[in-house]
S.K.: 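First the structure, which I've put down as structure tokens, then a few questions once you've had a look.
Keep in mind it's a predicted model, so treat the numbers as computed, not measured.
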Amino acid sequence: MEDFTASNPDYDKHVPAAVLSMPAARLLGFRFNYLKPGHCEIEQPTRKELTQHNGFFQGGIIGALADFAGGSAAGTLLPPGWINMTTDFTVKLIAPADGEKLLARGRVINASNNTTVAAADLFAVKDGKETLCATALVTMRNLPYKG
């Protein structure tokens, strides 16, 4: 795991607050398991509304969690008063997301002042066993917040 330094000493409060202020994040109902500079893990419990007809997580939900995990990992490196917005993400579905929960682990690959590239790996957890079900690349645009 690469070591990064957070320029915002309150990143661990700012990132969840910013992310969970978004209606889509609140609708999904996920939680942050951990945040470290350049890294995060989001846990999404299985709910019927998030699955397809066979009970697996639906692909769009997997994509949303990949986006939130990559963006959150990137957000840990932003200076105070800055936010990030997704400019691009690509998700590759590898295996059915069959489990009691989904874990989305985001990590920064490259960070600059304007753009951050992150990756996210998603694991379906069933009976305590993790199965890699998707991987993603997420590009974020970093901007001063003008709220």
S.K.: Examine F123 and I94 and state if one hydrophobic cluster contains both, with Ile, Leu, Val, Met, Phe, Trp and Tyr joined whenever side-chain heavy atoms are less than 4.5 Å apart.
M.R.: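 Cluster IDs for F123 and I94 match.
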
S.K.: Please confirm whether the backbone N or O of D10 pairs with a side-chain atom of N8, one donor and one acceptor, at under 3.5 Å?
M.R.: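 Side chain of N8 to backbone of D10, a donor-acceptor pair under 3.5 Å: yes, one is there.
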
S.K.: Would L143 and F89 show up in the same hydrophobic cluster when neighbours are defined by side-chain heavy atoms closer than 4.5 Å?
M.R.: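 In one cluster with L143: F89, no.
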
S.K.: Between M22 and F68, is any pair of side-chain heavy atoms under 4.5 Å apart?
M.R.: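 Yes, at least one pair of side-chain atoms sits under 4.5 Å.
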
S.K.: Are E130 and R105 ion-paired here, with the side-chain N under 4.0 Å from a carboxylate O?
M.R.: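 The answer is yes: the pair qualifies as a salt bridge.
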
S.K.: Do any N or O atoms from the side chain of Q44 and from the backbone of L28 form a donor-acceptor pair under 3.5 angstrom?
M.R.: yes

S.K.: Going by side chain to side chain contact (heavy atoms under 4.5 Å, CB included), R141 matches just one of N84, N114, T86. Which one?
M.R.: N114

S.K.: Closer than 3.5 angstrom, by distance alone: can the side chain of Q58 be matched with the main-chain N or O of G60 as a donor-acceptor pair?
M.R.: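 Yes.
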
S.K.: Thinking salt bridges, do R107 and D121 make one under a 4.0 Å N-O criterion?
M.R.: yes

S.K.: Distance only, no hydrogens: is a donor on one side chain within 3.5 Å (strictly under) of an acceptor on the other, for T116 and N142?
M.R.: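 Yes, side-chain donor-acceptor contact under 3.5 Å.
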
S.K.: Could you tell me which non-hydrogen atom of G99 sits nearest to which non-hydrogen atom of A124, and how far apart they are?
M.R.: N-CB, 4.5 Å

S.K.: To check you understand the geometry: which heavy-atom pair defines the closest contact between L35 and C40, and what is its length?
M.R.: CD2-CB, 3.4 Å

S.K.: Verify, without hydrogens or angle tests, whether S72 (side chain) and A69 (backbone) share a donor-acceptor contact under 3.5 angstrom.
M.R.: no

S.K.: Can you sort out the partners of T5 under side chain to side chain contact (heavy atoms under 4.5 Å, CB included), two or more places apart, ordered by chain and number?
M.R.: none

S.K.: Distance under 6.0 Å and angle within 45° of the ring axis: does K13 meet both against Y11?
M.R.: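 Judged by the rule (NZ or CZ under 6.0 Å from the ring centre, within 45° of its axis), K13 is not positioned above Y11.
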
S.K.: Does L122 form a side chain to side chain contact (heavy atoms under 4.5 Å, CB included) with F57? I'd like the steps, not just the answer.
M.R.: CA-CA 11 Å; L122 289 87; F57 278 94; over 6 Å; no

S.K.: If I compare all heavy atoms of W82 with all of N113, which pair ends up nearest, and what's the gap?
M.R.: CZ3-O, 3.8 Å

S.K.: State which residues pass side-chain hydrogen bond (donor to acceptor under 3.5 Å, both in side chains) with T115; sequence neighbours excluded, sorted by chain then number.
M.R.: none

S.K.: According to salt bridge (Lys or Arg N to Asp or Glu O under 4.0 Å), who are the partners of D98, at least two apart in sequence or on a separate chain?
M.R.: K126

S.K.: Should T76 and F4 count as side-chain neighbours, where that means a heavy-atom distance under 4.5 Å?
M.R.: no

S.K.: Are V108 and L65 linked, directly or through intermediate hydrophobic residues, by side-chain heavy-atom contacts shorter than 4.5 Å (ILVMFWY only)?
M.R.: no

S.K.: Please lay out, stage by stage, how R31 and N33 fare under the test side chain to side chain contact (heavy atoms under 4.5 Å, CB included).
M.R.: CA-CA 6 Å; R31 70 176 184 170; N33 285 347; 3.3 Å; yes

S.K.: Which atoms form the tightest heavy-atom contact between S7 and P9, and what is the distance?
M.R.: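 Nearest heavy atoms, S7 then P9: O-CD, 3.6 Å.
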
S.K.: Taking E100 for its side chain and T46 for its backbone only, find out whether a donor-acceptor pair lies under 3.5 Å.
M.R.: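 Side chain of E100 to backbone of T46: no pair is present.
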
S.K.: If you look at every heavy atom in G38 and L77, which pair is closest and at what distance?
M.R.: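 For G38 and L77, the tightest heavy-atom pair comes out as N-CD2, 3.6 Å.
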
S.K.: When clusters are formed by joining ILVMFWY residues with side-chain heavy atoms under 4.5 Å apart, either directly or through shared neighbours, do L132 and F56 land in the same one?
M.R.: no

S.K.: For the side chain of T90 and the backbone of A136, is there at least one donor-acceptor N/O pair under 3.5 Å apart?
M.R.: no

S.K.: Enter the distance from K36:NZ to E41:CD here, rounded to the nearest 0.5 Å.
M.R.: 9.5 Å

S.K.: Would you name the heavy atoms of L102 and A97 that are closest together and state the gap between them?
M.R.: CD1-CB, 4.2 Å

S.K.: Give, for atom CG of L20 and atom CZ of F30, the distance between the pair rounded to the nearest 0.5 Å.
M.R.: 5.5 Å

S.K.: Working to the nearest 0.5 angstrom, can you tell me the gap between L103 CG and E43 CD?
M.R.: 5.5 Å

S.K.: Give a yes or no on whether D88 atom CG has more than 12 heavy-atom contacts from other residues, nucleotides or ligands under 6.0 Å away.
M.R.: yes

S.K.: Following the transitive rule for hydrophobic clusters with a side-chain heavy-atom cut-off under 4.5 Å over Ile, Leu, Val, Met, Phe, Trp and Tyr, establish whether I62 and V138 coincide in one cluster.
M.R.: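 Yes; V138 is reachable from I62 via cluster members.
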
